[in-house]
Every structure is written in structure tokens, then in C-alpha cells.
Amino acid sequence: SQTIHQWPATLVQPVGSPLSLECTVEGTSNPNLYWYRQAAGRGLQLLFYSVGIGQISSEVPQNLSASRPQDRQFILSSKKLLLSDSGFYLCACPQGGGEGYTFGSGTRLTVV
Amino acid sequence: RKEVEQDPGPFNVPEGATVAFNCTYSNSASQSFFWYRQDCRKEPKLLMSVYSSGNEDGRFTAQLNRASQYISLLIRDSKLSDSATYLCVVNSGGYQKVTFGTGTKLQVIP
């Protein structure tokens, strides 16, 4: 089964600073990958998904961007963080057999 | 109406009790359904899929009611370790149509 690695686990960044969150996947090849954000008291919101290298689709207009430079690497970035970017960021990929998703351990971002 | 709705709780139940959560969904074309468990400040983890015929895994039973558009999760003989937030997930077709509920918080009390 696949394993997703995310880092860092927690991050405190000032408004206007850049951001780079990395996600890597083991145990599978050519996976679909997703970035979700979970804000306090809200459900998970899909931010980006990728079906392959260099292929990124955005679900919501926002201050963030994503890239997929390698098959098993998915990066979430921002040039200038906003307070509203605070949240719990989760990388995910589908489990085999259509049985839901596997999530990474997440990055808790606080923008101050 | 929200695509997926859950009672946020918290549900405070004593050890050994039976507790049930419901989750309603708005898209009648929804195809697959899941329950996830999320511990405080951790990532969600798949608890169980919800099949049309219902399914059971130990103390946990999940059911789907397509006519009324809801899924349910029943936990029997609650343990302290069951304390968590339970997320309902509905897939209406394709990876971009997966919707997560905001979760129901369960607190099992000694």
C-alpha cells in the first residue's frame, strides 16, 4: 500500500512570506495526487489535483499554486501568504480498488 | 443545502454505549460513500466504505439509504479510544467530486 510523506508538520509564517509544502508518495506509480485544506470548523476543501507530471488542475481561485515536477512529488506553493491561508494542508492519493483516499500526516500552517 | 451535512456534535456517551451518526447528501447521483475517522490534529483515516447492502466491521456498522439520501454509522460498545471526529465522505463521480462533511465529534466518557 502507498505511503504519503509530508513536511513540515507545523509552520508559522508571516503574512506576505512565501510558502512551499512538499508531498512525496511511496508504494505506487503514476498516482493521482490531491492537495486539500481543512480550515477550523470546516470540511476538507479540494485545492488542486494532478493526474501526472506537469498536470495540475485547480478547484478554487486562490493565492496558492501547485506543481508536480516528478511522478511521486507534489508541491504546494505561494508567493505571498495571506492570513486566510492558515489551515491544515493535506496531501492525498486514492487507495486501490476505489476505497477512498490515503492522506499524508498534514502540515498545520499558521499565518501571522 | 450543503452537499454533505453532518451534526457537528459533540456526542458525549459513556463507555459501552451504542451511538449512531447520520450524514445526509444532496446529490442523488452520488456513487460511493465512506466514513473516515480523524483524531485531534491528525490526518483523516479511512474507517470503512459504505456499501448499498450495508457493511459491518467489528463494532462498527455502516448503512446507506439512497431513498432518503443519507448514510449512517453505528458504533456499539463504545470505547474510550473511539473518541474522535467522524467524517462522512461522498463521491459524486470522479476525484473532483469528492465532498467531505465537516465531521461529527464523539467523546466517549469513562
Side-chain angles (χ1 to χ4, degrees), chain A residues 1-11 21 23 25 30-52 55-60 66 74 86-110, chain B residues 1-10 21-27 30-53 55 57 60 62 64 71 73 84-105:
Chain A
S1 63
Q2 61 267 37
T3 304
I4 299 179
H5 301 281
Q6 277 189 253
W7 64 92
T10 59
L11 195 57
L21 302 181
C23 164
V25 184
N30 195 30
N32 290 343
L33 294 173
Y34 313 91
W35 277 112
Y36 282 89
R37 177 173 60 204
Q38 187 177 35
R42 294 189 171 187
L44 274 71
Q45 179 187 32
L46 179 62
L47 303 176
F48 299 96
Y49 64 91
S50 171
V51 299
Q55 300 180 65
I56 306 294
S57 296
S58 174
E59 283 299 295
V60 293
F74 201 21
S86 294
F88 190 35
Y89 288 83
L90 293 154
C91 180
C93 72
Q95 293 188 183
E99 294 294 312
Y101 294 85
T102 298
F103 287 90
S105 54
T107 295
R108 195 162 299 277
L109 171 67
T110 303
Chain B
R1 182 183 177 186
K2 288 184 180 178
E3 289 187 58
V4 176
E5 288 198 76
Q6 294 184 253
D7 181 342
F21 312 133
N22 280 346
C23 166
T24 59
Y25 60 94
S26 61
N27 187 345
S30 297
Q31 299 171 2
S32 53
F33 309 86
F34 308 92
W35 283 104
Y36 277 73
R37 171 192 169 126
Q38 187 172 23
D39 292 296
C40 187
R41 303 181 72 81
K42 299 289 188 181
E43 75 276 19
K45 293 185 178 178
L46 180 65
L47 179 65
M48 58 198 308
S49 303
V50 187
Y51 303 125
S52 296
S53 56
N55 50 308
D57 182 2
F60 298 83
L64 167 63
I71 65 172
L73 178 67
T85 297
Y86 291 84
L87 306 179
C88 164
V89 182
V90 176
N91 187 336
S92 301
Y95 37 78
Q96 64 271 45
K97 295 184 180 178
V98 175
T99 305
F100 287 77
T102 54
T104 297
K105 186 172 183 179

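Chain letters run A, B, ... following the sequence lines, proteins first, then strands; residues in each count from 1.
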Practice task
Please work out whether the ring planes of A/Tyr101 and B/Phe100 are parallel, tilted or perpendicular, with thresholds of 30° and 60°.
Solution key: tilted
Practice task
Please examine the side chains of A/Tyr49 and B/Val98, heavy atoms only from C-beta on, and report whether any two atoms are closer than 4.5 Å.
Solution key: no
Handout entry: From CG (B/Leu46) to OG1 (A/Thr102), nearest 0.5 Å
Key = 8.0 Å
Fill in the blank from the handout: dist A/Phe88:CZ -> B/Arg41:CZ (nearest 0.5 Å) comes out at 8.0 Å
Handout entry: Under 4.5 Å from a heavy atom of chain A, the part of B/Tyr36 involved
Key = side chain
Practice task
Kindly check if the number of other-residue, nucleotide or ligand heavy atoms within 6.0 Å of CD (B/Glu5) is above 12?
Solution key: yes
Fill in the blank from the handout: Heavy atoms of A/Gly43 and B/Thr102 approach each other most closely as N-CG2, 3.3 Å
Problem - Per-residue contact mode, A/Leu90 against chain B (heavy atom under 4.5 angstrom) - result: side chain
Handout entry: Between A/Gln38 and B/Gln38, a side-chain donor and acceptor under 3.5 Å
Key = yes
Completion exercise
Residues at least two apart in sequence or cross-chain that pass side chain to side chain contact (heavy atoms under 4.5 Å, CB included) with B/Ser53, listed by chain then number, are B/Tyr51
